[in-house]
Protein chains: 2
Amino acid sequence: MATDHLPVSGDFLNQRLAEKGLRFTSQRQHVYEVLLSQRDHPSADEVFMRAKQSKPEISMATVYNSLDALVKCGVVRQVNVDRGASMYCSNMNEHAHFCCDDCGKVFDVNLKDSPRVPEVDVSGKFEVRQIDIALHGRCTGTCEDCGRREAHA
Amino acid sequence: MATDHLPVSGDFLNQRLAEKGLRFTSQRQHVYEVLLSQRDHPSADEVFMRAKQSKPEISMATVYNSLDALVKCGVVRQVNVDRGASMYCSNMNEHAHFCCDDCGKVFDVNLKDSPRVPEVDVSGKFEVRQIDIALHGRCTGTCEDCGRREAHA
DNA sequence: TTTCTATTTAGAATTATTCCAAGTATTGAC
DNA sequence: GTCAATACTTGGAATAATTCTAAATAGAAA
Ligand SMILES: [Mn+2]
Ligand SMILES: [Mn+2]
Ligand SMILES: [Zn+2]
Ligand SMILES: [Zn+2]
């Protein structure tokens with residue numbers, strides 16, 4: 001479904017960064033590839049740990065900087081579901097996020113066909129650039145990792 | 001539009017808390033009234049500062065506890081729009097949140113008529129309890145407080 | 001090359017949230 | 001009502017998450 005990534009990210013990212021006046025750097029590319037290669041929803045700290053595996057000299061500050069740059073140029077989404085750390089999502093297809101209030105995991109969920117996005121009344125006072133839809137609840141059935149935060153009822 | 005509140009919150013809140021097995025306390029009532037009396041979207045810290053004005057002995061830990069209790073029993077919504085502190089909203093009418101990426105302020109925006117919520121495909125794997133819709137962009141026109149984070153273009 | 005600016009880095013600093021242990025209040029059983 | 005059990009509150013310490021800073025480096029422009 002998603003176009004396969006690792007080789008394509010260079011040129012693509014380069015162009016997207018340039019459009020926003022941001023420079024293409026090896027750190028930003030690396031952070032992007034970390035996000036593409038494992039499409040769960042890691043926090044900045046998790047991205048940092050993964051990034052260090054093949055680029056041990058990268059710093060936490062640079063991970064934050066890179067994540068901000070990737071979000072700003074529109075190749076990554078920042079996901080805020082609770083009081084914990086922000087998470088990052090490299091799936092730019094239109095989708096919503098389901099957050100299990102028991103285990104804390106975040107899953108992509110597809111929006112059903114039209115209307116894909118809610119019609120909102122912003123009556124000229126706001127210029128909307130992005131819509132984030134977060135669903136809260138609990139995973140049903142067999143969620144193996146569930147119960148981290150507290151066991152399901 | 002919203003039923004006027006300060007006198008009504010006691011019994012109402014008492015019942016909602018009881019439904020979840022939570023106790024009614026003066027602190028929780030007070031935090032709730034703080035949220036009802038100024039319907040912007042304060043952070044826990046802002047709630048703490050407001051709450052202290054008429055109840056100086058209240059603690060930060062209790063504010064967090066109370067906010068959690070109010071959210072859990074469904075009389076307050078927790079709003080997470082970015083990496084900053086969570087915000088709290090006592091407007092339980094169906095609405096979405098617009099967050100200005102320049103000034104950081106959060107505004108209630110109404111969803112247009114049906115379908116009010118997006119149809120999502122959760123195919124039996126998730127039990128959805130709540131849907132949070134956050135719009136990002138920038139306020140247009142005359143937003144006096146805008147430019148705190150950085151000036152509009 | 002020289003200059004200018006953006007980016008990276010380590011670590012300090014700050015902010016946000018949670019944890020803890022002791023005291024207090026509330027509930028339910030008797 | 002008394003008593004025990006449990007929930008809640010409190011201040012402060014601890015932790016987690018994010019931002020800041022100042023110096024070094026790298027990239028782009030002149
Ligand atoms: Mn996602
Ligand atoms: Mn609101
Ligand atoms: Zn779960
Ligand atoms: Zn604004």
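Note that the coordinates shown come from a computational prediction; the quantities given were computed from them, not determined experimentally. Residue numbers begin at 1 in each chain, while the letters A, B, ... track the order of the sequences.
Using a 3.5 Å distance cut-off with no hydrogens or angles, the side chains of B:Asp82 and B:His136 do not pair a donor with an acceptor. Between the side chains of B:Asn65 and B:Arg28, at least one donor N or O lies within less than 3.5 Å of an accepting N or O.
Whole-Å rounding puts the A:Leu70 CG to C:dT7 C1' distance at 14 Å. One atom, CZ of A:Phe24, and another, C1' of C:dT8, lie 15 Å apart when rounded to the nearest Å. When the C1' atom of C:dT7 is taken as reference, atom OH of A:Tyr64 falls 18 Å away, rounded to whole Å. The separation between B:Asn80 atom CG and D:dA17 atom P is 14 Å, rounded to whole Å. Look at CG on A:Asp68: it is 14 Å from C1' on C:dT8, rounded to the nearest Å. Distance A:Met87 CE to D:dT18 C1': 16 Å, rounded to the nearest Å. In this structure, the CG atom of A:Leu17 is 15 Å from the C1' atom of C:dT8, given to the nearest Å. Per the geometry, CG belonging to B:Asp82 stands 15 Å off P belonging to C:dT15, to the nearest Å.
For the pair B:Ser86 and B:Ser26, both in contact range of DNA chain C, the more 5′-proximal nearest nucleotide belongs to B:Ser86. Along DNA chain D, the nucleotide nearest to B:Leu22 and the one nearest to B:Met60 differ in position, and the one closer to the 5' end is contacted by B:Leu22.
Of the side-chain N and O atoms in B:Ser59, none sit less than 4.0 angstrom from OP1 or OP2 of D:dT9. For D:dA26, neither phosphate oxygen OP1 nor OP2 lies less than 4.0 angstrom from any side-chain nitrogen or oxygen of A:Gln27. Between A:Arg23 and D:dA28, a side-chain N or O to OP1/OP2 separation shorter than 4.0 Å is absent. In this structure, B:Asn65 reaches the D:dT9 phosphate: one of its side-chain N or O atoms is under 4.0 Å from OP1 or OP2.
Ring geometry for A:Phe107 against A:Phe98 counts as tilted: the plane angle lies between 30° and 60°, on a 0 to 90° scale.
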Assess the residue pair B:Gln78 and B:Ser86 against the criterion (side-chain hydrogen bond (donor to acceptor under 3.5 Å, both in side chains)); give the C-alpha distance rounded to whole Å, side-chain angles, the decisive distance to 0.1 Å, and a yes or no. CA-CA 7 Å; B:Gln78 183 179 331; B:Ser86 289; 3.2 Å; yes

Under the salt bridge (charged side-chain N to carboxylate O under 4.0 Å, His left out) criterion, do B:Lys105 and B:Asp40 qualify, and how do the steps go? CA-CA 9 Å; B:Lys105 291 190 124 188; B:Asp40 48 3; over 6 Å; no

Which is it for A:Asp108 and A:His95 under the side-chain hydrogen bond (donor to acceptor under 3.5 Å, both in side chains) test, yes or no, and what are the steps along the way? CA-CA 6 Å; A:Asp108 286 354; A:His95 68 286; 3.0 Å; yes

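When heavy atoms are screened at a 4.0 angstrom cut-off, A:Thr25 is found touching the sugar-phosphate backbone but no base atom. If you check every strand for non-hydrogen atoms under 4.0 Å, B:Ala85 touches sugar and phosphate atoms only.
B:His97 places a side-chain heavy atom less than 4.5 Å from the side chain of B:Cys89.
Each of D:dT9, D:dT18, C:dT17 was ranked by its minimum atom distance to the side chain of B:Arg83; first place goes to D:dT18. With C:dT9, D:dT10, C:dT8 as the candidates, the nucleotide lying closest to the side chain of A:Glu57 is C:dT9. Of the candidates C:dA16, D:dT10, C:dA10, the closest approach to any side-chain atom of B:Thr62 belongs to D:dT10.
The main-chain N or O of B:Met87 is never found under 3.5 Å from a side-chain atom of B:Ser43 such that the two would form a donor-acceptor pair.
Applying a 4.0 Å cut-off to non-hydrogen atoms, none of the residues of residues 40-55 of chain B approaches DNA chain D.
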